[in-house]
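Below is one structure, written out as structure tokens; comments come after it.
Predicted model, so just to flag it, every value in this text is computed and none were measured. Residues take their numbers from the sequence shown, with the count starting at 1.
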Amino acid sequence: MTKYKTQPGKSFPLGATVQPSGINFSIYSKNASAVELLLFDSKDHSQPTHTYPLDRKTNRTFHYWHIFIEGIKHGQLYGYRVLGENAPSEGLRFDGEKVLLDPYTRAVTSNTYDRNAAVRPGDNCAQAMKSVAIDNTIYDWEDDRPLNLSFAHSIIYELHVGGFTKNPNSGVAADLRGTYKGLIEKIPYLKSLGITTVELMPVQQFDPYDVPDQSLTNYWGYNPVAFFAPHNGYASKNDPVNAVDEFRDMVKALHREGISVLLDVVFNHTAEGNEQGPTLSFRGIENRAYYTLEKDQAFYKNFSGTGNTLRANHSVVRRMIRDCLRYWVSEMHVDGFRFDLASVLSRDEDGNPMSNAPILWSIDSGPVLASTKIIAEAWDLNLYQLGNFTGERWAEWNGRYRDDIRRFLKGDTGVVVPFAKRIGASPDIFQDPLRDPNRSINFITCHDGFTLNDLVSYNEKHNLSNGEGNRDGINDNHSWNCGHEGPTDDLAVEQLRIRQIKNFMTVLMVSQGTPMFTMGDEVRRTQHGNNNAYCQDNELGWFDWDLVVQQNDLLGFIRKLMKFNLSCPYFQEEQFWEAPEPASSTKFEFHGIHLNQPDWSDHSHSLAFTLTNPNFDCSLHVMVNAYWEPLTFALPEESNVQWKKIIDTSANSPNDIYLPEKAKAVDGFSCEVLARSVIVLYSG
């Protein structure tokens, strides 16, 4: 066995830092009585080949334990044992028998991982995940840089890396399905679709076995164990080093095609769960620092709904989050982040809401992150902050947009006023008149809830396959099955569903703000009424590539719709349409079936609006009929204006959408809009 020389090492940087002569290791633990560094020569080794007890005098500076080991290199496997008092009533949960991941590890090997072994008493070395040291200087980025696309020129496509190509009908080779490399093969599809940005569901290393029903897996990945490490389950080879490089290859390939990459990051909780959960890393290293605890400290505060809450504004955790985001930008070249349950980040160390949370301002003002997109899901289990999120740069998932658009288009009463506000980037929610309206991330669907097809096909959720008695998932979906629950051969119902899908996508693309939709909505991907498919790593949760052919007409409609959005100047404006001059020169006028007479009553199911700007060479007039009978709308009469019909969701392909240069003129001064349909007119 090779003997390595050691030096005391340094407290900075944290993690495992590869240098020409060896590796420096550093970890934070205030209350540990002893720390051991374990080295492994193989991912299959059940026991360490080397164990280094760290001396409190020579290997500790303040609360940082460190050591430098000569002669080891990139790819070295390692772990920690951290000894100390196991006193839950004092917030201490040290367990010297557990092998722990480094919170700063850049890669993880988990081929022998057993979650149960991390829960039950005893040594879990043979079944523990191991950390991997990575040298970031040896990868060739080939001059790649983040793209820095503005929100104003973005259409976001929420995508699951595994589910995008895992289906055998993807056409991807079997060994590449569900991987970063598999996604690379489908970049031509993304390019042809017309999106500019992919938002990847969690790719930080997560625990796939964190699920109540052990016959299933945690497919979505909202349960991180290593924030700096790309998930190794999406690598094509059982090699954690390869996972890092394959992720980088994917980012580089997307950038080459002008597609930016956002990560859905989960800094609100971890897979260690509550007091009955496994000891994987943070709990066994410094429980009181990493988690928000109840007053008696034996239990975890649970603002995430998953058992624990990350103590994001503790100085050590705050530094870890900052370091992590900088790493993904500088070393992995991502273009930005969507923060899951971001309101957790606005809580102080005891879990109380703060008006100016330090971690949020650090992210907002950090120079390394200055050119990135930062998007908040501005709520958690008990706190809703939409429109009041801290910072000058934060964009926000607009959950009110989703709900109000859904309700209006399915025919609910009392929704026309909020519907109008959502179309104009929600100035009633985002009240700063100088705010960029594109920081409203508008969406009808996301991973959480019904797919767009299921939104128009089911009145109720159907989650029995999740093994939780249909109790999981939200009940209030604002969905409508168009007359039949689930699949049907009824042609009239199917035609209505197609029309409603077109209505939703059209309204999304003619609203001010940044549009986002989820993987497969463009081809009617279904989860058969399951609105919480977090554990469905099967065809229920995967992209069905047969639909690309079967739904070719709908796909063509949506491709043209996105091209129109990105080419029309009204949707690239960075001032609210409602803002007075000189902030905005756009005139934003609402109508009903009569010009300048919008019906704001509770029983109104129709609305029209006109966009004009003297600086643009076009005008738009949009008519939305959510009523169940046809309506005739009066058209604006302006000199030298000839309206052309570019979108009619009631028509069949190819007459449902035209690019402006090929659209047909509208005769007369009125236009009939059929029941439950949208027409968009263009002049220019």
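Between Y219 and Y534, the ring centre distance reaches or exceeds 6.0 Å. Ring to ring, H605 and W628 are close: their centroids are under 6.0 angstrom apart. Between F339 and W394, the ring center distance clears the sub-6.0 Å criterion. Remark: aromatic rings of Y570 and F616 are close, center separation under 6.0 Å. When ring centroids are compared, F517 and Y157 come within the 6.0 Å threshold.
Between the side chains of N475 and K461, at least one donor N or O lies within less than 3.5 Å of an accepting N or O. A donor-acceptor pair shorter than 3.5 Å can be found between the side chains of E485 and H462. A donor atom on one side chain and an acceptor atom on the other are found under 3.5 Å apart for S371 and N148. No hydrogens or angles considered: nothing links the side chains of N463 and N532 as a donor-acceptor pair under 3.5 Å. Remark: the N398 side chain and the S440 side chain contain an N/O donor-acceptor pair separated by less than 3.5 Å. No side-chain donor-acceptor contact under 3.5 Å links N453 and T451. For the residue pair T610 and H591, a side-chain donor N or O sits within less than 3.5 Å of a side-chain acceptor on the partner. Looking at H447 and E158, their side chains do bring a donor and an acceptor atom within 3.5 Å of each other. Judged purely by distance below 3.5 Å, without hydrogens or angles, the side chains of T526 and D454 pair a donor atom with an acceptor atom. For the residue pair S479 / R406, no side-chain donor-acceptor distance below 3.5 Å is found, with atom types taken as modelled. No side-chain N or O of N388 forms a donor-acceptor pair with one of Q385 less than 3.5 Å apart. For the residue pair Y458/N531, the side-chain donor-acceptor check at 3.5 Å is not satisfied. Side-chain contact, N481 with S457: no donor N or O sits under 3.5 Å from an acceptor N or O.
Relative ring orientation between F408 and F419 is described as parallel, the plane-to-plane angle staying below 30° on a 0-90° scale split at 30° and 60°.
Closest non-hydrogen pair, R676 versus A626, comes out as NH1-O, 3.5 Å. Between F571 and N438 the shortest heavy-atom distance is O-OD1, 4.1 Å.
A donor-acceptor pair under 3.5 Å links the side-chain atoms of S365 to the main chain of W361, judged by distance alone. Of the possible polar contacts, one joining the E377 side chain to the L341 backbone as a donor-acceptor pair under 3.5 Å is found.
Of the inter-residue distances, the one linking L620 atom CG with W643 atom CH2 reads 7.0 Å to the nearest 0.5 angstrom.
Between K373 and D335 there is no salt bridge, since no side-chain nitrogen of the basic residue lies less than 4.0 Å from a carboxylate oxygen of the acidic one.
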